[in-house]
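What follows is a single structure, written as structure tokens, with notes after it.
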Amino acid sequence: MILTVALNTALDITHHVPALRPGTSHRVAEVTERPGGKGVNVARVLAALGHEVTVTGFLGGTTGRILRDRLTGVPHLTDALVPVSGTTRRTVAVVDERSGATTRLNEPGPVITHAEWSAFQEVYEDLLASASAVALCGSLPPGVPVGAYAGLIRTARAAGVPTLLDTSGAALRRGVAGRPDVLKPNAEELAELTGSHEPLRATQDARRRGAGAVVASLGPEGLLAVTPEGRWRAAPPHPLHGNPTGAGDSLTAGLLSGLVEHRPWPDRLVRAAALSAATVLAPVAGEFDRRAYEELRTGVTVSREASAA
Ligand SMILES: O=P(O)(O)OC[C@@]1(O)O[C@H](CO)[C@@H](O)[C@@H]1O
């Protein structure tokens, strides 16, 4: 199975408003509520593609119960989330229907105790024994050490399991030093990590910091991959309009799907770019439009960059 780690699970609430004006009241036109946190989204997309997937991390309180209920019965998905005394966070995304812009408010998450963190690490080590790959995704809840991802990556490497890291801020800076096989930053995270706003330079720099391969999501410009086998850019056939929430998680799912099937990099990038684009086109944040995915798989272009990395 593929293992996804969602240390900071969330109940994602999306509000649609005709136009967002800070400092005023709004009538919400439409609300959706769904289980989230990056690792949960990745797990759901992999399961929808037919991969056996196990999600671990933390959950607690009323929101945690809702999250667990929503994951129960999802085909191909096993819930190995560890209960904690705190309460799973909510995230709120407000979609301005006029401009299409999305504003996000992400709560910090429950405080994790030392005992809960130790319990998680035991569960994680046990799960690695049957994992073909592991994705470590999202922010760290308070109480989890900032170097957590580096440690989890090292444990996976000792177990012979390839890793993909997708996080931000200090967790990313420290995590990359653990030498993940794949790092998946967006343009902002890449710039924050390396101090460079030039994507190719920043992606190469991120590799030098410890990542085996770096696949950067550059929004409408598609993906830039710098790997030991070469460099590629991948992009959907035309610009897409919709809600980008979860598009990066679908990208991660596409990369993992190709990795566990030992597909060459260009194939992995086609899957990743098509899934990511099909998520932007789906009406509910974090889900993907299956028909669009199948169509986009034939429309994504992958081009090799001039020289090998
Ligand atoms: O606060 P984090 O962990 O960085 O991001 C959390 C989050 O915004 O990311 C997902 C979209 O990628 C949402 O499902 C989720 O709630």
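Numbering of ligands and ligand atoms starts at 1, following listing order.
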Give the ring-plane orientation class for Phe120 versus Phe58, where under 30° counts as parallel, over 60° as perpendicular and anything between as tilted.
tilted
Closer than 4.0 Å to some heavy atom of Asp249 - which atoms of ligand 1 meet that?
10 (C), 11 (C), 12 (O)
Counting non-hydrogen protein atoms only, what is the nearest one to atom 14 (O) of ligand 1? Give residue, atom name and distance.
Asp12 OD2, 2.3 Å
May I ask you to identify, for Asn8, whether its side chain, its backbone, both or neither come under 4.0 Å of ligand 1 on a heavy-atom basis?
neither
Protein contact to atom 7 (C) of ligand 1 [nearest heavy atom, distance to 0.1 Å]
Lys38 NZ, 3.8 Å
Looking only at N/O atoms, are Ser168 and ligand 1 under 3.5 Å apart anywhere?
no
Could you tell me whether Thr167 approaches ligand 1 through its side chain, its backbone, both or neither, with non-hydrogen atoms closer than 4.0 Å?
neither
Checking the N or O distance criterion of under 3.5 Å, is ligand 1 in contact with Asn106?
yes
Going by heavy atoms, is Gly37 under 4.0 Å from ligand 1?
yes
Side chain, backbone, both or neither: Arg89 near ligand 1, heavy atoms under 4.0 Å:
side chain
Please check if Ile2 and Leu71 belong to a single hydrophobic cluster, counting links between Ile, Leu, Val, Met, Phe, Trp and Tyr side chain heavy atoms closer than 4.5 Å.
yes
Donor-acceptor contact present, side-chain Thr4 to main-chain Gly39, <3.5 Å:
yes
Ignoring angles and geometry beyond distance, decide whether Arg34 reaches within less than 3.5 Å of ligand 1 through its nitrogen or oxygen atoms.
no
Polar atom proximity, Arg104 to ligand 1 (N or O, under 3.5 Å)
no
Should Leu152 and Val161 be regarded as members of a common hydrophobic cluster, given that ILVMFWY residues are connected when their side-chain heavy atoms come within less than 4.5 Å of each other, either directly or indirectly?
yes
Which residue in the set Thr72, Val55, Thr54, Val40 passes side-chain contact (heavy atoms from CB on, under 4.5 Å) when paired with Leu77?
Val55
